[in-house]
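Owing to the predicted nature of the structure, the values given are computational and were not obtained by experimental measurement. In each ligand, atom 1 is the first atom listed, and ligand 1 is the first ligand listed.
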Amino acid sequence: MDSQSVKITQELLRQIAILKDEREAVILAHNYQPPEIQDVADYTGDSLELSMIAAKTPAKLILFCGVRFMGETAAILSPDKIVLLPVLEAGCTLAEYATAAQIREMKKQHPGAVVVTYVNSSAEVKAETDICCTSANAVEIVRSIDRNRPIIFAPDYNLGHYAAKMTQRELILWNGCCPTHALLSTFAVAKARKKWPGAQVIMHPECKPETLELADFIGSTSGMLKYVKKQPAGTSFIVGTEAGLLHRLQKENPDKVFHVASEYLICPMMKMTTLKDVRDSLEKMQYVVTVEEDVRQRAKAAVDAMLRHTGAASPTAIKG
Ligand code: 13P
């Protein structure tokens, strides 16, 4: 960074710190956010950890550096707080695969089925759901459901397929996917293994089933952080998830080596947030995330059902 850019960054950081105090705000950042956003945040974590923090924070305002469904989850859990998303257009392609009308139709086709939806879904879809899950607890949530009841799992086919395999249950799967994780091919993993022999391959369960077959470890972003911490110093890893996680992996494990499994593992939505957006968001109080009250209450029941299962989870979210 040249000296002019350093000065601009320092000034933005100064303004953010002042505005944050004035607004009594907490800044949450997902593990895929750009490094400078993770570093300015009060907490960086995975979807589940950030939902849990949003549910408990005493702050008056939650600035959610992530994508829309994450801000919506915070708004669902904290109706008395203002939730801001710094970039209006930051959505999630996976979440767009399911609509509330489609879930209602599916329920009609499978009467008596339990609807499990991944938190990567809209508030309206959550409102049609019995219990939400994240990639950190999908297996555990599916396992907790009565074996005699069919389960509709939406909207991520790959995560659903993985949960079905791990629990030995047949799930009614949706046809959605995360386009970033779905891009990780078996060919790319084989190429990476050849380039970095001896490295362990760690992957997110949003990757395709055939790609997951090649993993040494499969886990959510927090699952990968926990796993890596336990490995001996000097270990190398090929990381099969959005490249943003490498910032935390490297920062928290300076004695280990990380390679992203493919250059395509970039979520354009997660990379939209800049420090200027964070400053503008706090200054102009934009963009407020709202969820219609009836939808919020029904969606909250599904998120609360998930949180009751994961109350004892050991969080990896870090305080900035
Ligand atoms: P995690 O819950 O593992 O952080 O993943 C969230 C996500 O959006 C993955 O694409």
Side-chain angles (χ1 to χ4, degrees), residues 28-34 37-38 41 43-54 64-74 85 90-98 116-122 125-126 132-141 154-163 174 176-184 202-208 211-212 215 217-228 239-249 252 260-262 264-273 303 306-307 309-310 313-318:
L28 308 182
H30 187 265
N31 287 327
Y32 295 157
Q33 286 285 294
I37 303 298
Q38 295 191 28
Y43 295 94
T44 303
D46 77 354
S47 311
L48 177 61
E49 294 164 343
L50 296 178
S51 301
M52 289 164 91
I53 292 167
F64 213 124
C65 301
V67 293
R68 173 155 294 272
F69 79 81
M70 296 178 177
E72 276 188 356
T73 307
L85 192 67
C92 171
T93 310
L94 169 58
E96 286 170 21
Y97 272 97
V116 179
T117 59
Y118 193 23
V119 285
N120 298 39
S121 55
S122 68
V125 163
K126 288 185 177 78
C132 286
C133 72
T134 71
S135 48
N137 60 21
V139 172
E140 180 191 336
I141 298 278
D156 188 12
Y157 175 88
N158 296 331
L159 179 65
H161 186 280
Y162 173 69
W174 209 263
C177 70
C178 161
T180 303
H181 285 92
L183 271 180
L184 185 61
I202 59 173
M203 270 185 221
H204 196 279
E206 283 180 20
C207 295
K208 289 183 291 191
T211 310
L212 288 178
F217 174 79
I218 299 167
S220 63
T221 54
S222 61
M224 288 190 236
L225 282 156
K226 283 182 200 164
Y227 176 77
V228 162
V239 184
T241 193
E242 211 281 339
L245 187 66
L246 270 82
H247 178 63
R248 256 191 88 179
L249 284 167
E252 293 175 21
V260 66
S262 156
Y264 300 119
L265 283 165
I266 305 279
C267 168
M269 303 290 191
M270 281 286 181
K271 295 293 179 269
M272 283 179 160
T273 325
V303 178
M306 169 186 82
L307 293 178
H309 268 279
T310 34
S314 66
T316 62
I318 45 163

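Ligand 1 has no nitrogen or oxygen under 3.5 angstrom from a nitrogen or oxygen of Asp46. Not one N or O of Asn31 is nearer than 3.5 Å to an N or O of ligand 1, by distance alone. Considering both main-chain and side-chain atoms, Thr134 never comes within under 3.5 Å of ligand 1 through any nitrogen or oxygen pair. When only interatomic distances are considered, the shortest N/O to N/O separation between Ser222 and ligand 1 does not fall below 3.5 Å. Considering backbone and side-chain atoms alike, Ser220 places every N or O at 3.5 Å or more from each N or O of ligand 1.
With no hydrogens or angles considered, a side-chain donor-acceptor pair links Thr241 and Tyr32 at under 3.5 Å.
With rounding to the nearest 0.5 angstrom, the OG atom of Ser51 is 6.5 Å from the CZ atom of Phe64. Note that CG of Asn31 is 9.5 Å distant from CE of Met224, once rounded to the nearest 0.5 Å. The distance from the OG1 atom of Thr221 to the CG atom of Leu245 is 6.0 Å, given to the nearest 0.5 Å.
In Leu48, neither the side chain nor the backbone holds a heavy atom less than 4.0 Å from any atom of ligand 1. Heavy atoms of His30 found under 4.0 angstrom from ligand 1 belong exclusively to the side chain.
Val260 pairs by the side-chain contact (heavy atoms from CB on, under 4.5 Å) definition with Ala243, Leu246, Leu265, not counting sequence neighbours.
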